[in-house]
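What follows is a set of notes on a single structure, which appears directly below.
Computed from a prediction, not measured in an experiment: that's the story for all the values here.
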Amino acid sequence: MGEEEDPQRLKKVAAASYDYENDPRWAEYWSNILIPPHMASRSDVLDHYKRKFYQRYISNTGMDLISVGLHYALSLGILAKLLEDPDLVVEAIASGSSSQSARPTPSSSSTPNDQARQRTSGSTTRTSGSSTTAAPTPTPTSTPTSLRWDWQTIHFSVNAWVLVMAVLAIIPIVPANLSNRAYRLSFMGTACSSLYSLYSLYGKPRAWNLQALQVWFQSVIATKDFIYFIYCLTFVTSHLHLKFALIPVICWALEHVAKFLRRNFSRASAYRKYLEEPCVWVESNTSTLSILSSQAEIGLGFLLVLSLFSWQRNIIQTFMYWQLLKLMYHAPVTAGYHQSVWANIGRIVNPLVHRYAPFLNTPISAVQRWWFRQ
């Protein structure tokens, strides 16, 4: 028995003496632990996760040979159990006054209230407040040491992928066939992201009949996710490759990616070193990005009108897009920015029309009556 425990004692001593604070991987690892705040401040919980970190990243000598893509998958918990060191045994977090970790906690420091609240993020372990000898409920050996694949994580992953595709589509040195494919994939990714967000927030219709569909449609028609879903469908099915149309997609993806990174990786050293400043800038300039998107969306409407005079004209697409612009003008989530842009256009165009082309006043008035009618 002594021969079996001695290697474990040496490994635990090595794990306890490791310099975690100067390892950037530890900061990223600890920032992804999802446990209640009152447990994060406990020394035994911190020691437990330090040993888990040492077991996964330090003891396993093959970790240095893993590529960057595999390390990203590992940070999401996909290959975590495959790369753990089987020689280092990490016990479950102790419950009550019985200590099973490498660093024991005095029984006098455990109060009945602490015993009643002790639980891991993977399962709930309850102990009796009056009896300190009650046997704790066994807890699983696996602990959630990475981000869960909830709808926000999936939404972030899709938007990050869209951002990469959009950048590839607008870089001039990228080959034409790759650029065109990235162009379509950007719109397809944003459409899927918007549709998934609608499903996560509003669910599906209660029934598949006309009345239920109408109720569900009325609840989502004024949302930004639905507007961008229709926007992307308009261009992903078009033969026109207007790189100008990617500006709203890039701004939309930047906002989601920056917000997710600040909320989930604010303590990670890589984030603080490389991404904190651009993410802070994006979140503090969301109005600027929204105005830029509105200007690009309205400019695309005029480009589609001009395309009617070319061999690539598409009357149905142009009509549908102007219906979408009308929706953006009236929808509360985009009305403020679109109305501001249209007001600036009116201040420039109206004096020129009255002075040089007064015969256009009648058709412009007819278009305005259709535009302002909801």
**Prompt:** Which residues satisfy the side-chain hydrogen bond (donor to acceptor under 3.5 Å, both in side chains) test with Asn344, sequence neighbours excluded?
**Reply:** Arg347
**Item:** Asn314 side chain to Gln317 backbone, donor-acceptor under 3.5 Å
**Value:** yes
**Prompt:** Do Ile227 and Tyr337 share a hydrophobic cluster, counting only Ile, Leu, Val, Met, Phe, Trp and Tyr and linking them when any side-chain heavy atoms are less than 4.5 Å apart?
**Reply:** no
**Request:** Identify the two heavy atoms, one from Ser310 and one from Arg313, that lie closest to each other, and give their separation to 0.1 Å.
**Result:** O-NH1, 2.9 Å
**Thr334: side-chain hydrogen bond (donor to acceptor under 3.5 Å, both in side chains) partners, not counting sequence neighbours** = none
**Fill in**
Correct closest heavy-atom pair for Val249 and Phe187 would be CG2-CE2, 3.7 Å
**Request:** Would you name the heavy atoms of Ile230 and Thr234 that are closest together and state the gap between them?
**Result:** O-OG1, 2.7 Å
**Message:** Just to verify, what does Glu283 make a side-chain hydrogen bond (donor to acceptor under 3.5 Å, both in side chains) with, not counting sequence neighbours?
**Reply:** Arg262
Which atom pairs, donor and acceptor, lie under 3.5 Å between side-chain atoms of residues 265-273 and protein residues at least two apart or in another chain?
{"from": "Arg272", "atom 1": "NH1", "to": "Arg267", "atom 2": "O", "distance (Å)": "2.4"}

**Prompt:** Which is it for Ile170 and Tyr183 under the side chain to side chain contact (heavy atoms under 4.5 Å, CB included) test, yes or no, and what are the steps along the way?
**Reply:** CA-CA 8 Å; Ile170 63 176; Tyr183 172 86; over 6 Å; no
**Asked** Is it true that a side-chain atom of His241 and a backbone atom of His239 form a donor plus acceptor pair closer than 3.5 Å?
**Response** yes
**Message:** Would you say Lys243 and Ser179 are linked by a side-chain donor-acceptor pair, where the criterion is simply a distance under 3.5 Å?
**Reply:** yes
**Prompt:** For the residue pair Trp252 and Tyr231, is the inter-centroid distance of their aromatic rings smaller than 6.0 Å?
**Reply:** no
**Request:** Identify, with sequence neighbours excluded, every residue that meets side-chain hydrogen bond (donor to acceptor under 3.5 Å, both in side chains) alongside His330.
**Result:** Gln374
**Request:** Classify the ring geometry between Trp342 and Trp322 as parallel (under 30°), tilted (30 to 60°) or perpendicular (over 60°).
**Result:** tilted
**Prompt:** Can you list the steps and then say if Asp225 with Leu201 is a side chain to side chain contact (heavy atoms under 4.5 Å, CB included)?
**Reply:** CA-CA 10 Å; Asp225 289 307; Leu201 296 175; 4.2 Å; yes
**Request:** Taking all non-hydrogen atoms of both residues into account, name the closest pair between Leu325 and Gly301 and its distance.
**Result:** CD1-CA, 4.0 Å
**Request:** Please answer: with hydrophobic residues joined when any side-chain heavy atoms are less than 4.5 Å apart, are Phe372 and Leu327 in the same cluster?
**Result:** yes
**Complete:** When every non-hydrogen atom of Lys224 is compared with those of Val333, the smallest separation belongs to N-CG2, 3.9 Å
**Request:** Might you point out which heavy atoms bring Ala166 and Ile250 nearest each other, and give the distance in Å?
**Result:** CB-CG1, 3.6 Å
**Asked** Same hydrophobic cluster for Tyr199 and Val158, using side-chain heavy-atom links shorter than 4.5 Å among ILVMFWY?
**Response** no
**Side-chain donor or acceptor of Ser307 paired with backbone N/O of Leu304 under 3.5 Å** = yes
**Asked** With respect to Phe229, which candidate in Ser197, Cys192, Ser194 satisfies the side-chain contact (heavy atoms from CB on, under 4.5 Å) definition?
**Response** Ser194
Donor-acceptor pairs are to be reported for all side-chain atoms of residues 290-299 against protein atoms at under 3.5 Å, with residues two or more places apart or in another chain.
{"from": "Ser290", "atom 1": "OG", "to": "Thr286", "atom 2": "O", "distance (Å)": "2.9"}
{"from": "Ser293", "atom 1": "OG", "to": "Leu289", "atom 2": "O", "distance (Å)": "2.9"}
{"from": "Ser294", "atom 1": "OG", "to": "Ser290", "atom 2": "O", "distance (Å)": "2.9"}
{"from": "Glu297", "atom 1": "OE1", "to": "His338", "atom 2": "NE2", "distance (Å)": "2.7"}
{"from": "Glu297", "atom 1": "OE2", "to": "Tyr228", "atom 2": "OH", "distance (Å)": "3.2"}

